[in-house]
Amino acid sequence: MTAVAASPSRFARQLAHQYGLDAVAAASAGTRPLDMVRMHYEQPHLFVLAPLPADDAFVVSVELSRAGSRRFFQGDAQTRLGLMEVGAVHIADLAARPAAYVCSPFHSVLFRITRAAMDDFARDAGQAPATALRCTPGITDPVLAHLAAALLPSLQRPQEACPLFLDQMALALYAHVAHTYGDSAQRTATAPGRLAPWQERRAKELLGTDLARELSLAEVAAECALSRSHFGKAFKASTGLAPHAWRIGRRIEAAQAMLGRDDASLSEIAIACGFADQSHLTRAFSARVGRSPAQWRRMRRT
């Protein structure tokens with residue numbers, strides 16, 4: 001089982017205790033409450049998992065690799081699952097104190113979503129709150145599989161996790177889970193369309209300056225007098241990019257400017273431009289530019 005430094009998340013601590021570990025890989029989104037935990041077990045072994053403490057929340061688990069049989073218990077109901085494919089989903093209601101038997105290797109990402117947070121999201125999005133989340137156990141969901149895979153770097157390297165990115169991913173997850181597995185019909189809501197010119201100017205001003213500061217989606221949305229969900233959709237409609245991706249672009253541009261005009265070290269440039277460290281800068285820069293920062297600097301000077 002993969003283990004990392006202890007997480008402050010109560011959910012992560014509970015799962016670590018269930019599996020007899022010191023800690024598990026975990027992260028949390030702040031403004032849209034969401035606990036995320038990665039569980040990776042490579043040896044065949046039977047785990048009899050006692051119920052977690054009762055909680056007014058759901059756990060959505062997503063398989064990142066093929067996994068063997070499991071058995072889930074929730075109240076008087078029992079669910080048996082055979083071989084599960086990549087992207088297989090299971091949803092448990094923690095209020096019912098579910099338990100499980102796990103007897104084969106697995107690699108999963110688990111999301112804890114509170115009912116209160118789901119209700120807040122529904123009000124933001126103009127939907128009726130869902131009273132329950134239901135899915136056919138073991139059904140594959142490519143969207144959740146993509147979201148879980150995209151969040152893996154934040155779980156594996158939490159020091160590089162960007163609050164703005166985590167907020168956006170939490171928003172996407174809430175929207176998909178509510179729409180796909182919620183039991184309430186959607187109320188009519190006005191499509192957000194594009195940002196007004198003043199909103200786009202203000203959003204870009206905030207996202208494009210003070211790049212070393214962590215910035216949440218809620219802060220930028222509030223400056224534009226929009227809810228988080230409407231702002232995220234309208235910003236992408238206006239710019240073609242999600243807010244986090246647009247801000248990463250400005251950080252890369254700032255790094256290029258520093259690489260071209262002074263002899264600051266790559267670690268100094270990384271911190272000044274809002275990256276966690278030199279390796280974080282190198283990965284992001286190489287992905288966008290096609291060369292590492294050091295290669296790009298040498299090319300500019302020849």
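The analysis underlying the following values was restricted to heavy atoms, covering all of them including side chains, and did not include hydrogens, waters or symmetry mates.
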Might you point out which heavy atoms bring [X] and [Y] nearest each other, and give the distance in Å?
{"X": "Trp246", "Y": "Gly208", "answer": "CZ3-N, 3.7 Å"}
{"X": "Pro163", "Y": "Glu214", "answer": "CD-OE1, 2.9 Å"}
{"X": "Cys273", "Y": "Arg251", "answer": "O-CG, 2.9 Å"}
{"X": "Gly193", "Y": "Ala237", "answer": "O-CB, 3.8 Å"}
{"X": "Leu281", "Y": "Pro293", "answer": "CG-CG, 4.0 Å"}
{"X": "Ala130", "Y": "Gly182", "answer": "CB-CA, 3.9 Å"}

Linking I/L/V/M/F/W/Y whenever any side-chain heavy atoms sit under 4.5 Å apart, do [X] and [Y] land together?
{"X": "Met36", "Y": "Val86", "result": "no"}
{"X": "Leu83", "Y": "Ile139", "result": "no"}
{"X": "Leu217", "Y": "Leu206", "result": "yes"}
{"X": "Met258", "Y": "Ile271", "result": "no"}
{"X": "Met118", "Y": "Val143", "result": "yes"}

- prompt: Of Arg298, Arg297, Met299, which is the lone residue that meets side-chain contact (heavy atoms from CB on, under 4.5 Å) with Arg291?
  reply: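 Exactly one pass, corresponding to Met299.
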Sole candidate of Thr209, Leu211, Asp210 that passes side-chain contact (heavy atoms from CB on, under 4.5 Å) when paired with Arg213: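 Testing Arg213 for a side-chain contact (heavy atoms from CB on, under 4.5 Å) against Thr209, Leu211, Asp210 leaves exactly one candidate, Asp210.
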Distance-only, no hydrogens or angles: does the [X] side chain make a donor-acceptor pair with backbone N or O of [Y] under 3.5 Å?
{"X": "Arg228", "Y": "Ala218", "value": "no"}
{"X": "Arg250", "Y": "Leu207", "value": "no"}
{"X": "Asp141", "Y": "Val89", "value": "no"}
{"X": "Gln278", "Y": "Leu266", "value": "no"}
{"X": "Gln168", "Y": "His244", "value": "yes"}
{"X": "Arg194", "Y": "Phe235", "value": "no"}

Side-chain heavy-atom pair [X], [Y] within 4.5 angstrom cut-off:
{"X": "Val177", "Y": "Leu144", "result": "yes"}
{"X": "Arg300", "Y": "Leu259", "result": "no"}
{"X": "Leu195", "Y": "Thr239", "result": "no"}
{"X": "Leu151", "Y": "Phe165", "result": "yes"}
{"X": "Pro98", "Y": "Leu94", "result": "yes"}
{"X": "Leu171", "Y": "Phe121", "result": "yes"}
{"X": "Ile113", "Y": "Leu173", "result": "yes"}

Separation between [atom1] of [X] and [atom2] of [Y], rounded to the nearest 0.5 Å:
{"X": "Phe275", "Y": "Ser267", "atom1": "CZ", "atom2": "OG", "result": "13.5 Å"}
{"X": "Tyr101", "Y": "Gln78", "atom1": "OH", "atom2": "CD", "result": "8.0 Å"}
{"X": "Asp93", "Y": "Leu133", "atom1": "CG", "atom2": "CG", "result": "8.0 Å"}
{"X": "Ser216", "Y": "Asp167", "atom1": "OG", "atom2": "CG", "result": "5.5 Å"}
{"X": "His90", "Y": "Met84", "atom1": "NE2", "atom2": "CE", "result": "8.5 Å"}
{"X": "Trp198", "Y": "Glu223", "atom1": "CH2", "atom2": "CD", "result": "8.5 Å"}

- request: Provide the full list of side-chain hydrogen bond (donor to acceptor under 3.5 Å, both in side chains) pairs with a residue in residues 51-64, sequence neighbours left out, each pair given once.
  value: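 Pairs touching residues 51-64 that pass the test: Asp55-Arg112, Asp56-Arg115, Glu63-Arg70, Glu63-Ser108.
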- prompt: According to the interplanar angle, ranging from 0 to 90°, do the rings of Tyr181 and His176 count as parallel (below 30°), tilted (30 to 60°) or perpendicular (above 60°)?
  reply: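 Rings of Tyr181 and His176: perpendicular, as their planes differ by over 60°.
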field: Stepwise salt bridge (Lys or Arg N to Asp or Glu O under 4.0 Å) check, Arg201 with Glu205
entry: CA-CA 6 Å; Arg201 284 194 302 272; Glu205 177 185 353; over 6 Å; no
message: For Arg71, I'd like to know if atom CZ has over 12 heavy atoms of other residues, nucleotides or ligands within 6.0 Å.
response: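 Above 12, so yes.
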- prompt: With Phe111, which residues qualify under ring-ring contact (aromatic ring centres under 6.0 Å, His included), at least two apart?
  reply: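 Here no residue qualifies.
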message: Taking side-chain contact (heavy atoms from CB on, under 4.5 Å) as the definition, give me every residue that meets it alongside Leu64, ordered by chain and number, with sequence neighbours left out.
response: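 Testing Leu64 for side-chain contact (heavy atoms from CB on, under 4.5 Å), a comparison that skips the adjacent residues, returns His107, Val109, Ala148, Leu152.
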